[in-house]
Amino acid sequence: MPQDADPLARPTDDDAVDRIVGQWQRERPDLDPGPMHVVGRITRLHWALDEHLCRVFARYDLGRGEFDVLATLRRSGPPFELTAGELRGAAMVTSGAVTKRVDRLERAGLVGRRAAEDDARGRLIRLTGRGRDLVDEALEAHVKNEARLLAGLTADERSTLTDLLRKLGRTLPSE
């Protein structure tokens with residue numbers, strides 16, 4: 001390090017978010033755009049990660065939502081069957097979104113529907129053998145892909161980031 005270099009100076013590897021924040025600091029010095037450092041990066045990471053994740057799902061002719069339905073049924077354990085309401089709660093989507101996903105998966109032979117024994121109007125969605133085989137294969141590729149995407153972080157860094165993101169999720173306003 002040169003003798004006159006400031007050891008506390010910011011690194012010179014600024015990214016797009018740093019540039020945006022710098023522009024706002026210049027144009028609106030009356031505001032503190034500091035939160036943009038975190039929110040902007042989380043947003044950009046979401047977009048980038050979603051693109052990388054969806055590429056893997058596409059290899060199995062699945063969208064993210066369809067993978068979520070299959071994975072939710074698979075991780076529910078035998079008999080790999082849930083109500084539409086249980087799927088909706090696990091996926092945090094509307095009932096219409098669950099119906100659309102289940103319709104497509106049923107046409108593909110990956111899930112089946114049957115009437116609930118205790119509610120004639122209720123339907124249970126069950127993973128078929130073919131659906132289980134597909135989601136197991138897709139899950140292996142998905143986990144490998146996620147590991148590849150996080151390879152730039154050490155195990156300790158991933159753990160710290162997990163804790164911080166969990167804390168942020170718990171402290172976000174619910175409104």
Side-chain angles (χ1 to χ4, degrees), residues 6-58 60 62-77 80-102 104-105 111 122 124-125 127 135-136 138-175:
D6 179 358
L8 300 177
R10 293 191 57 214
T12 58
D13 60 346
D14 286 359
D15 62 11
V17 175
D18 291 321
R19 289 187 293 278
I20 290 167
V21 170
Q23 290 168 332
W24 281 123
Q25 286 171 328
R26 182 190 67 232
E27 295 300 317
R28 290 292 309 268
D30 57 309
L31 297 177
D32 174 15
M36 290 180 184
H37 282 293
V38 174
V39 175
R41 281 185 179 81
I42 290 173
T43 301
R44 286 170 179 262
L45 285 169
H46 166 73
W47 294 336
L49 289 169
D50 193 55
E51 182 178 322
H52 287 284
L53 297 176
C54 287
R55 285 183 199 156
V56 170
F57 303 144
Y60 300 90
L62 297 171
R64 171 190 279 286
E66 294 153 347
F67 176 81
D68 285 345
V69 168
L70 294 176
T72 299
L73 289 168
R74 177 64 176 96
R75 71 176 182 262
S76 71
F80 310 110
E81 181 176 75
L82 296 170
T83 67
E86 290 168 328
L87 277 173
R88 185 178 60 248
M92 296 180 290
V93 295
T94 65
S95 59
V98 167
T99 299
K100 182 178 175 182
R101 292 169 185 176
V102 170
R104 183 182 182 287
L105 293 168
V111 302
L124 293 169
I125 296 101
L127 197 57
V135 74
D136 280 349
L139 181 64
E140 286 182 35
H142 174 59
V143 170
K144 285 179 186 174
N145 186 41
E146 287 186 329
R148 179 186 65 83
L149 294 171
L150 298 177
L153 300 175
T154 67
D156 286 344
E157 289 169 333
R158 286 192 310 269
S159 178
T160 298
L161 183 58
T162 297
D163 292 343
L164 291 170
L165 291 172
R166 182 182 299 113
K167 181 178 180 179
L168 178 60
R170 288 179 179 155
T171 61
L172 285 177
S174 60
E175 51 211 45

Closer than 3.5 angstrom, by distance alone: can the side chain of [X] be matched with the main-chain N or O of [Y] as a donor-acceptor pair?
X     : Y     : result
Ser76 : Leu73 : yes
Arg41 : His37 : yes
Thr43 : Val39 : yes

Under a 4.0 Å N-O cut-off, is there an ion pair linking Asp15 with Arg44?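 No, no charged N to carboxylate O under 4.0 Å.
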
Is it true that Glu51 and Arg55 have a side-chain N and a carboxylate O under 4.0 angstrom from each other?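 Looking at Glu51 and Arg55, the cut-off is met.
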
Working to the nearest 0.5 angstrom, can you tell me the gap between [X] [atom1] and [Y] [atom2]?
X      : Y      : atom1 : atom2 : answer
Arg148 : Leu150 : CZ    : CG    : 10.0 Å
His142 : Phe67  : NE2   : CZ    : 4.5 Å
Thr99  : Arg88  : OG1   : CZ    : 8.5 Å
Leu168 : Ile42  : CG    : CD1   : 5.0 Å
Ile20  : Asp14  : CD1   : CG    : 12.0 Å
Arg74  : Leu127 : CZ    : CG    : 7.5 Å

Using the ring-ring contact (aromatic ring centres under 6.0 Å, His included) criterion, which residues pair with Phe80? Sequence neighbours excluded.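 For Phe80, no residue satisfies ring-ring contact (aromatic ring centres under 6.0 Å, His included) once neighbours in sequence are set aside.
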
[X]: which residues meet the side-chain hydrogen bond (donor to acceptor under 3.5 Å, both in side chains) condition with it, sequence neighbours left out?
X      : result
Glu66  : Arg104
Arg166 : Asp163
Arg158 : none
Asp30  : Arg28

Does some side-chain heavy atom of Val111 sit less than 4.5 Å from a side-chain heavy atom of Leu70?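 In contact.
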
Please report the closest heavy-atom contact between [X] and [Y], naming both atoms and the distance.
X      : Y      : result
Val56  : Ala141 : CG1-CB, 3.8 Å
Gly34  : Asp32  : N-OD1, 2.9 Å
Ile125 : Ala84  : CD1-N, 3.6 Å
Arg75  : Thr72  : NH2-OG1, 3.3 Å
Val17  : Met36  : CG1-O, 3.4 Å

Arg64: partners by side-chain contact (heavy atoms from CB on, under 4.5 Å), with sequence neighbours left out: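 side-chain contact (heavy atoms from CB on, under 4.5 Å) list for Arg64, sorted by chain: Asp50, Leu53, Cys54, Phe57, Asp68.
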
